Amino acid sequence: MLSLSLNFLPSASVSGDKFMLYFTTIFIIGTILFVGTLGVGIYFAFKYKRKSDNDETPYIPHNYLVEFLSVFGISVWVAIFFIWGWRDYKDFISPKMDEYEINVIGQQWNWQIQYANGKTFTNELIVPVDRHIHLAMTSKDVLHSFFIPEFRVKMDTIPGQYTSLRFTPNKVGTYTIYCAEYCGTSHSKMIGKVYVLSQKDFQDWLDGVYQGELAQETKPSNQDSGNGMTLVEAGEHLYRSKTCYTCHTTNGDTLIGPSFKGLFGSEVELIGGTKILADENYIRESLMDPMKKVVKGFSPTMPTYRGMLTDTEINQIVAFIKAKR
Ligand code: HEC
Ligand SMILES: [Cu+2]
């Protein structure tokens, strides 16, 4: 009965299950403590009620044992839940081996979902069951927040910056995406669907031969900006058309700028000696604010691409540089 009422919204991901175990445990212990404390209080109120007008309150000194046990007990209980919560949280947010990566762009008022094969969907996220999913997310305009209640995950999308959301769906089915950050007039309509398919169905879907129930429902949006190219291919195209190639190679040779070979995920040493991990946000910043973090041994001659690349194009360039890892 209790577990039923606590699980009115069934969880459909590994983190969701862990979160529900955590929440239910705290809820049950909290309920026991609440009823217990209140019960003792009510019982004492009757037991020690003044019997007559000259009934004097007894003098009760403090009790070291009770004080010690209550302070110690509470500290232990807080520490246990802190460590438990911290470990689960760290596990939820940390990168996993062979996670499947999908790009998300929030905009007023829908979600653009981009796959490595270049296909873009509006408000439709299709993922395989039992695989680690990594959403590399950003926003075109204002703050949005990508929220899937059934997975118990939520993360802001921020203009000019990447944020990550990670989860492992563990039940095939259809779930809902909400925007959880008020973002303008049609905020409440910024709703999408997550379709969790079996791994085989998902592969069929990627290959374009999927015939299941969802075949009718999900269709590539006409905003498909990849022109049939994968993200990496589109990124390579930009590498040429935006003339990155005049200063950067992909084979390890140094021209005016450092090579992209092995860049992604490596530690880059900057002028001044600080080291920084070359992740999605670093590459985005290198394009928008090239002067901000200058690589050691190079002069700050890279032009800014602010306003010259869309979020989709930045995703494509990041995918391209990632592929040269
Ligand atoms: C005029 C030459 C020039 C062009 C064109 C240019 N860059 Fe650069 N880029 C540089 C130089 C020089 C650096 C190193 C100094 C710095 O960090 O600003 C650099 C640094 C970078 C870095 C950081 C590299 C590292 O090893 O940490 C990235 C990423 C990058 N550029 C991407 C691009 C992309 C993508 C394009 C095309 C859209 C591009 N650049 C176009 C000259 C250029
Ligand atoms: Cu929104």
Side-chain angles (χ1 to χ4, degrees), residues 104-112 122-123 137-148 154-159 162-163 176-192 231-232 234-250 252-272 274-325:
V104 173
I105 301 175
Q107 62 182 39
Q108 288 166 322
W109 285 278
N110 59 55
W111 302 105
Q112 295 295 315
T122 302
N123 290 340
M137 311 196 296
T138 187
S139 165
K140 219 175 225 170
D141 34 47
V142 298
L143 283 183
H144 300 276
S145 184
F146 192 90
F147 179 31
I148 307 173
K154 178 164 72 179
M155 178 49 87
D156 281 6
T157 65
I158 304 173
Y162 282 104
T163 50
T176 312
I177 305 166
Y178 294 96
C179 178
E181 179 76 55
Y182 180 65
C183 59
T185 340
S186 299
H187 160 70
S188 61
K189 298 196 187 103
M190 201 167 157
I191 290 180
L231 284 190
V232 175
E236 171 136 38
H237 192 77
L238 288 166
Y239 169 69
R240 311 230 156 267
S241 63
K242 303 282 175 185
T243 67
C244 317
Y245 74 94
T246 54
C247 302
H248 297 283
T249 69
T250 56
D253 293 348
T254 301
L255 300 179
I256 298 169
S259 176
F260 290 158
K261 189 177 179 198
L263 170 62
F264 194 87
S266 71
E267 280 219 327
V268 178
E269 192 170 354
L270 306 176
I271 283 178
T274 38
K275 288 194 175 148
I276 183 161
L277 177 73
D279 58 5
E280 288 96 342
N281 271 321
Y282 172 73
I283 290 172
R284 177 188 274 270
E285 197 188 64
S286 298
L287 292 165
M288 299 297 130
D289 283 310
M291 306 298 163
K292 211 159 163 190
K293 299 201 175 82
V294 177
V295 185
K296 191 169 187 176
F298 293 89
S299 51
T301 46
M302 173 158 162
T304 174
Y305 285 85
R306 187 179 285 284
M308 294 162 68
L309 294 168
T310 64
D311 287 305
T312 298
E313 289 171 333
I314 296 171
N315 284 343
Q316 292 163 342
I317 289 176
V318 169
F320 172 66
I321 293 178
K322 236 181 219 179
K324 304 292 171 203
R325 159 163 42 175

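As the structure lists them, so they are numbered: ligands from 1, and atoms in each ligand from 1. Note that the structure is predicted; figures quoted are calculated from it, not measured. Side chains are part of it too, since the values below use all heavy atoms of this structure and drop only hydrogens, waters and symmetry mates.
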What is the nearest protein non-hydrogen atom to [atom], stated with its residue, atom name and distance?
atom                    : answer
atom 11 (C) of ligand 1 : G257 CA, 3.7 Å
atom 41 (C) of ligand 1 : Y305 OH, 3.5 Å
atom 28 (C) of ligand 1 : S286 CB, 3.7 Å
atom 18 (O) of ligand 1 : P290 O, 3.1 Å

Examine all N, O or S atoms of H248, backbone included, and report whether one is under 2.8 Å from atom 8 (Fe) of ligand 1.
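Under 2.8 Å: H248 contacts atom 8 (Fe) of ligand 1 through an N, O or S atom.
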Under 2.8 Å: N/O/S of M302 next to atom 8 (Fe) of ligand 1:
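Yes, since at least one N, O or S atom of M302 sits under 2.8 Å from atom 8 (Fe) of ligand 1.
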Only one of M137, E285, E280 forms a side chain to side chain contact (heavy atoms under 4.5 Å, CB included) with Y162, so which one is it?
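Option passing the side chain to side chain contact (heavy atoms under 4.5 Å, CB included) with Y162: E280.
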Among E181, M155, K154, which residue satisfies the side chain to side chain contact (heavy atoms under 4.5 Å, CB included) criterion with F147?
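Among E181, M155, K154, the one meeting side chain to side chain contact (heavy atoms under 4.5 Å, CB included) with F147 is K154.
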Quick one: does [X] get within less than 4.0 Å of ligand 1, heavy atoms only?
X    : answer
K293 : yes
A278 : no
F260 : yes

Within reach of ligand 1, part of C244 (heavy-atom separation under 4.0 Å):
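Under 4.0 Å from ligand 1, C244 contributes backbone and side-chain atoms.
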Indicate, as side chain, backbone, both or neither, the part of L263 found under 4.0 angstrom from ligand 1 when only non-hydrogen atoms are considered.
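Side chain only; the backbone of L263 stays clear of ligand 1.
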Provide the closest heavy-atom pair for [X] versus [Y] in the form atom of the first, atom of the second, distance.
X    : Y    : result
A319 : L231 : CB-CB, 3.8 Å
G106 : M190 : CA-CE, 4.5 Å
M288 : R306 : SD-CA, 3.6 Å
T249 : Y239 : CA-OH, 3.5 Å
S139 : V142 : OG-O, 2.5 Å

Side-chain contact test, heavy atoms from C-beta onward, threshold under 4.5 Å: evaluate it for [X] versus [Y] and give yes or no.
X    : Y    : result
T312 : I105 : yes
W109 : T185 : yes
W111 : C179 : yes
L143 : I158 : yes
Q112 : T122 : yes
Y282 : L277 : no

Is there a polar contact between ligand 1 and [X], counting only N or O atoms under 3.5 Å apart?
X    : result
L287 : no
V268 : no
S259 : no
Y282 : yes

For atom 24 (C) of ligand 1, which of P258, G297, P300 has the closest heavy atom?
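Nearest heavy atom to atom 24 (C) of ligand 1 lies in P258.
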Measure from atom 25 (C) of ligand 1 to every heavy atom in L270, V295, T243 and give the option owning the shortest one.
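The option holding the nearest heavy atom is V295.
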Heavy-atom contacts with [X] under 4.0 Å: which atoms of ligand 1 show up? List them by number with element.
X    : result
S299 : 12 (C), 15 (C)
I256 : 12 (C)
C247 : 1 (C), 2 (C), 3 (C), 4 (C), 5 (C), 42 (C), 43 (C)
V294 : 15 (C), 16 (C), 17 (O)
T301 : 1 (C), 12 (C)
I317 : 35 (C)

Checking side chain to side chain contact (heavy atoms under 4.5 Å, CB included) for the pair D156/T163: CA distance, chi angles, key distance, verdict?
CA-CA 7 Å; D156 281 6; T163 50; 5.5 Å; no
Against R284, only a single residue in D311, D279, N315 fulfils side chain to side chain donor-acceptor pair (under 3.5 Å); can you say which?
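Single side chain to side chain donor-acceptor pair (under 3.5 Å) partner of R284 among D311, D279, N315: D311.
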From the Cu ion (ligand 2), how many protein N/O/S atoms are found at a distance short of 2.8 Å?
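My tally for this metal is 4.
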Crowded around H187 NE2? As in, over 12 foreign heavy atoms under 6.0 Å?
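Correct, the count exceeds 12.
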Under the salt bridge (Lys or Arg N to Asp or Glu O under 4.0 Å) test, which residues partner K261, sequence neighbours left out?
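Applying salt bridge (Lys or Arg N to Asp or Glu O under 4.0 Å) to K261 gives none.
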